[in-house]
Each structure stands twice: as structure tokens, then as C-alpha cells.
Amino acid sequence: MWKEFKEFALRGSVLDLAIGLIIGGAFGKIVTSLVTDILMPPIGLLLGKVDFSNLYLVLSGDVPPGSTLEQAKALNAVTINYGLFINTVIDFLIVAFAIFLVVRQVNRLRRQPQAAPASPTTKECPYCFTNIPIKAIRCPNCTSQLSA
């Protein structure tokens, strides 16, 4: 059983999957930082100095107006954190677009070059319309003389 497990774990596809998960996790952290630290502050500034990570809706609890999400959580308020959801959706869209670009490039590299179409080996007799060898000067079916 150990031998079978070792063969399974060391196959190329399992190792590729493990490497992909590790790199994907690191890439996800980079994209999250890109969205929260670089993209969202200018977008929030353009939309009237809005901090998307602090956009929430209080369902229950006494939260003073203008409180941050951390302050609302400290007061044990039940909230819908739609600002964090917006950040997560933007994260997803960036990751999905990056994966699309990678898959598109891999598919482009995998495509086999199209072989040139083979030159014809037969032609049609203009008298009896049967297929004959291209080099024929007389039709074997109707015995007509053909031009070369």
C-alpha cells in the first residue's frame, strides 16, 4: 500500500496540482493586496472618500453613526459587510481574468500548426465526369483525348 501511495503522490499530475495550489495561494494574496491597498483607495477617493472595507449595514445592535466595521464588531453588532463583499468580487474578477489570460496563452501554444492542404492527385474528366489521375492524357472510362 505504501508503494502504491508513493507512486500516486510522485506522479507528475499530483505534483503539478500541489505546485499550482501553492502558487495560486500566493497569487491570491498578491491580488488581495492589489485590490485593498492599491485599487480601492483611489476608487473610494473618486466616489467621495469612501472606504469600501468599512461599508456595512447594521441588522441589530447599537452602533453609533460613523463607526468602523471593527468598532461595530467590538459592540457585537450583527452586520452585512457589503464593502468587504465588493472587495472580494473585485479580487475574484482579477484572478479570473489572469487565469483566463494564462489558459488562453497555453491554448495558443498547444495548437498544432495547420498542415498545408495536399495537392490534388485526381481530376475530373470533362466528358464523362469521372475522377481520373491528374497526369492522365486519355480518360480510361470514355477514352476521350484530354488536354495536358
Please find the pair of heavy atoms, one from [X] and one from [Y], that lie closest to each other, and give the distance.
X    : Y    : answer
Y82  : L57  : CE2-N, 4.0 Å
C139 : C142 : SG-N, 3.5 Å
R138 : T143 : NH1-O, 2.9 Å

Using the side-chain contact (heavy atoms from CB on, under 4.5 Å) criterion, which residues pair with [X]? Sequence neighbours excluded.
X   : value
I30 : none
I94 : V31, L34, V35, L39, I90
L59 : V78, I80

same_hphob_cluster(L84, Y56) at 4.5 Å side-chain heavy-atom cutoff: yes
Co-members of the apolar cluster containing F97 [side chain, <4.5 Å]: F100, L101
Members sharing F85's hydrophobic cluster (side chains within less than 4.5 Å): V89, F92, L93
Side-chain atoms of residues 126-134: list all donor-acceptor pairs with protein atoms under 3.5 Å, sequence neighbours left out, distances to 0.1 Å.
from, atom 1, to, atom 2, distance (Å)
T130, OG1, N141, ND2, 2.7

Where at least one partner belongs to residues 84-95, residue pairs that pass side-chain hydrogen bond (donor to acceptor under 3.5 Å, both in side chains), sequence neighbours excluded: T32-D91
If the condition is side chain to side chain donor-acceptor pair (under 3.5 Å), which residues does [X] pass it with, not counting sequence neighbours?
X    : result
Q105 : none
S33  : D37
T122 : none
N54  : D51

Compile the donor-acceptor pairs under 3.5 Å between side chains in residues 63-70 and protein atoms, sequence neighbours left out, one pair per line.
from, atom 1, to, atom 2, distance (Å)
S67, OG, P64, O, 2.7
T68, OG1, Q71, N, 3.3

